[in-house]
Amino acid sequence: MSPLFRRKAQDVQGRSVTLIRKAGCHLCDDAQLVVEKVCAEVGVEWEAKDISLDQQLHDQYWEQIPVVLVDGRQHTFWRVDEQRLRKALTE
């Protein structure tokens with residue numbers, strides 16, 4: 001498994017971000033750039049999970065990827081709005 005999928009998802013503030021994605025998905029690549037940027041700015045670690053490696057995630061999110069979870073709850077899917085994600089992590 002790639003190091004991309006082994007990052008710890010929780011920071012000292014107790015916030016967590018999970019990007020649910022799959023390889024070869026251009027929307028997933030775009031979403032990851034936003035997640036990486038925002039999480040670095042606000043100091044929240046994040047993790048990526050590949051739906052092709054987890055049947056439950058595949059069944060739940062196949063038609064919505066990329067999906068971003070904040071604190072375990074679905075925040076958004078398909079396109080990630082940088083300002084909205086930042087707001088969700090800082091409030």
A.B. asks: Give me the atom names and distance for the closest heavy-atom approach of D50 to A23.
C.D. replies: OD2-N, 4.2 Å

A.B. asks: Please name the pair of heavy atoms, one in A31 and one in V80, separated by the smallest distance, quoted to 0.1 Å.
C.D. replies: CB-CG2, 3.5 Å

A.B. asks: Check side chain to side chain donor-acceptor pair (under 3.5 Å) between Q55 and all other residues, then give those that pass, not counting sequence neighbours.
C.D. replies: D59

A.B. asks: Determine, using the 4.5 Å side-chain heavy-atom cutoff (strictly less than), whether V38 and V70 are members of one ILVMFWY cluster.
C.D. replies: yes

A.B. asks: State yes or no: do V17 and V42 share one hydrophobic cluster built from I, L, V, M, F, W and Y residues joined by side-chain heavy-atom distances below 4.5 Å, directly or via other members?
C.D. replies: yes

A.B. asks: Give the other cluster members for L57, using side-chain heavy-atom distances under 4.5 Å between Ile, Leu, Val, Met, Phe, Trp and Tyr residues; answer none if it is isolated.
C.D. replies: I20, I51, Y61, W62, I65, V67, L69, F77, W78

A.B. asks: With sequence neighbours left out, which residue pairs that include part of residues 68-84 fulfil the salt bridge (charged side-chain N to carboxylate O under 4.0 Å, His left out) condition?
C.D. replies: R15-D71, K37-E82, E82-R86

A.B. asks: Suppose we screen for side chain to side chain contact (heavy atoms under 4.5 Å, CB included). Which residues come up paired with E91, at least two apart in sequence or across chains?
C.D. replies: K87

A.B. asks: Please identify each residue that fulfils side chain to side chain donor-acceptor pair (under 3.5 Å) with T90, with sequence neighbours left out.
C.D. replies: none

A.B. asks: Do you know the tightest heavy-atom contact between C28 and L19?
C.D. replies: O-CD2, 4.2 Å

A.B. asks: Please lay out, stage by stage, how T76 and L85 fare under the test side chain to side chain contact (heavy atoms under 4.5 Å, CB included).
C.D. replies: CA-CA 9 Å; T76 194; L85 179 58; over 6 Å; no

A.B. asks: Would you name the heavy atoms of G72 and S16 that are closest together and state the gap between them?
C.D. replies: N-OG, 4.1 Å

A.B. asks: Rounded to the nearest 0.5 Å, how far does NZ of K22 lie from CG of D54?
C.D. replies: 15.0 Å

A.B. asks: Under the side chain to side chain donor-acceptor pair (under 3.5 Å) test, which residues partner D29, sequence neighbours left out?
C.D. replies: R21

